[in-house]
Protein chains: 2
Amino acid sequence: MSENELNTEQLILKAARKVFTHKGFDGTRMQDIADEAGINKALLHYYFRSKDKLFEAIFTDVIRTFFPQLVQVLTADADLFEKIRLFADKYISILAANPDIAGFVFHEISVNPHRLVGNIRGIGVNTDIIKKHLDHEIAAGRIKPIKMEHFIANLVSMCVFPFIAKPVLMGIMQMDNPAFEQFIEERKQLVPEIIINSIRL
Amino acid sequence: MSENELNTEQLILKAARKVFTHKGFDGTRMQDIADEAGINKALLHYYFRSKDKLFEAIFTDVIRTFFPQLVQVLTADADLFEKIRLFADKYISILAANPDIAGFVFHEISVNPHRLVGNIRGIGVNTDIIKKHLDHEIAAGRIKPIKMEHFIANLVSMCVFPFIAKPVLMGIMQMDNPAFEQFIEERKQLVPEIIINSIRL
DNA sequence: AAAAGATTTAACCATTTGGTTAAACTAACG
DNA sequence: CGTTAGTTTAACCAAATGGTTAAATCTTTT
């Protein structure tokens, strides 16, 4: 197994990820992935026994790559407002570089919620720390009272939703691709401003 | 064709809508719809020639039922802040009663953007009126400057996203179904407050 | 370079799936 | 009552799809 540039397994994973995240599990054909990777269909089954196994590898990887980064920002020991700015900037940057993953993850989980168990649950998203930080700031009279659930929902919504609704937004707002990128770039500042403004006294 | 309670065509449409919105086009089998409707598979093809035709009927109906209602609120002649409250309340209420449609619509459009053409384009979402209203209020010095694109994105994001992320939110926040409903109910007030707060001088 | 092991392919297989057909059933109508 | 038109079904079909197999090729080891 000489390390040329990208060994076959990595090549398959890259292709599978592209096709799965774009078309979803049900919309993906093994042949699509083989074509994308420029290899034979049987080779997919040689490296990953089944479509399910291959999907599992992709899905787990996507979840494990992105979730921890974000949770880490929110649970780090830093100023709340600064955390919010960091989180929005990081989340939006990640999604800008991987526009399909948001829609992919939420769709797959909706269609097959039991996939939550082995993946997200395993990561152990620690909302307690965020809740404590929020409640602490509230008790200290530095921010307005707000439930952690809404705080997270608001922040994540405004970061993620534009990517899920990308084609619709572009259509309705008559944006082309550069315009959308510009729009997204602006939100890195705008979103934290709104969230901070919503809890600032 | 005696009007018993629900004629076969309506029965099929109802079943197809349920299955399509929950599993997506690619995840739906004609047999699933037949089972859901309690009829023979061939009967589906008797009423709607193909899976595509049946899907088209559902998709168009979903789009036509919900979009206009919302655009109407935003383009109506009313106080801006009141419009925002009305919009959030109406949008969230609709989604609470039809939890699957948001994820359904955005996923199908992402996977097959060309479906935009015949449907959303046909409705003609009029962003000009909203833009004019916003710009007018800004010029009059009654609200902070904000781009229409962000205003809409923010408002819609916070209304819609929780439904798309429902299983993930419920998992992470350890909510059961009543808790989620309560959470959603609270957002009918919270979302407009945040949006209004973000543009209030 | 020959044997052994890993990798890749073409051809094939079984099942699923969208769709068709011809027959059976039902309701209206002369 | 029987004919006709609309409705529903069971049985069937062809294409697509996930998966297998056995042979071919390439790598490594001796």
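Naming convention: chains lettered A, B, ... in sequence-line order (proteins, then strands); numbering from 1 in each chain.
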Trainee: Could you state the CG-P distance from N7(A) to dT27(D), rounded to the nearest angstrom?
Mentor: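 My rounded result for the distance is 14 Å.
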Trainee: Looking only at side chains, do K188(A) and S93(A) share a donor and an acceptor under 3.5 Å apart?
Mentor: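 The criterion, which ignores hydrogens and geometry beyond distance, is satisfied for S93(A) and K188(A).
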Trainee: Touch check for F48(A), heavy atoms < 4.0 angstrom, all strands: base, sugar-phosphate only, or nothing?
Mentor: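 Result for F48(A) = nothing.
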Trainee: Whole-Å distance between dT17(C) C1' and L54(B) CG?
Mentor: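 The answer, rounded to whole Å, is 15 Å.
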Trainee: Look at the side-chain N and O atoms of T8(B) and state whether any lies under 4.0 Å from the OP1 or OP2 oxygen of dT8(D).
Mentor: yes
Trainee: Please list, chain by chain and in numerical order, all residues satisfying side-chain hydrogen bond (donor to acceptor under 3.5 Å, both in side chains) with R142(B), sequence neighbours excluded.
Mentor: E137(B)
Trainee: Looking at E82(A) and R85(A), is any side-chain nitrogen of the basic one under 4.0 Å from a carboxylate oxygen of the acidic one?
Mentor: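 A salt bridge links R85(A) with E82(A).
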Trainee: Between F20(A) and F25(A), what is the ring plane arrangement, given parallel below 30°, perpendicular above 60°, and tilted in between?
Mentor: parallel
Trainee: So that I know where these two stand, are H22(B) and F104(B) an aromatic pair - ring centroids less than 6.0 Å apart?
Mentor: no
Trainee: Checking K83(B) against H133(B): is there a side-chain donor and acceptor pair closer than 3.5 Å?
Mentor: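 Yes, because at least one side-chain N or O of H133(B) sits under 3.5 Å from a partner of the opposite role on K83(B).
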Trainee: Along nucleotides 9-22 of chain D, 5' to 3', which nucleotides get a B, which get an S, and which get a -, given that the test is a protein heavy-atom distance under 4.0 Å?
Mentor: BB------SBBBB-
Trainee: Is any NZ, NE, NH1 or NH2 atom of the basic residue among D135(B) and K131(B) found under 4.0 Å from an Asp or Glu carboxylate oxygen of the other?
Mentor: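 A salt bridge links D135(B) with K131(B).
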Trainee: How bent is the helix from dA1(C)-dT30(D) to dG30(C)-dC1(D), measuring the angle between the end axes built from five pairs each, rounded to 10°?
Mentor: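 The end-segment axes of the helix from dA1(C)-dT30(D) to dG30(C)-dC1(D) are tilted 0° relative to each other.
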Trainee: Where does the angle between the aromatic ring planes of F87(B) and Y91(B) fall among parallel (under 30°), tilted (30 to 60°) and perpendicular (over 60°)?
Mentor: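 Rings of F87(B) and Y91(B): perpendicular, over 60°.
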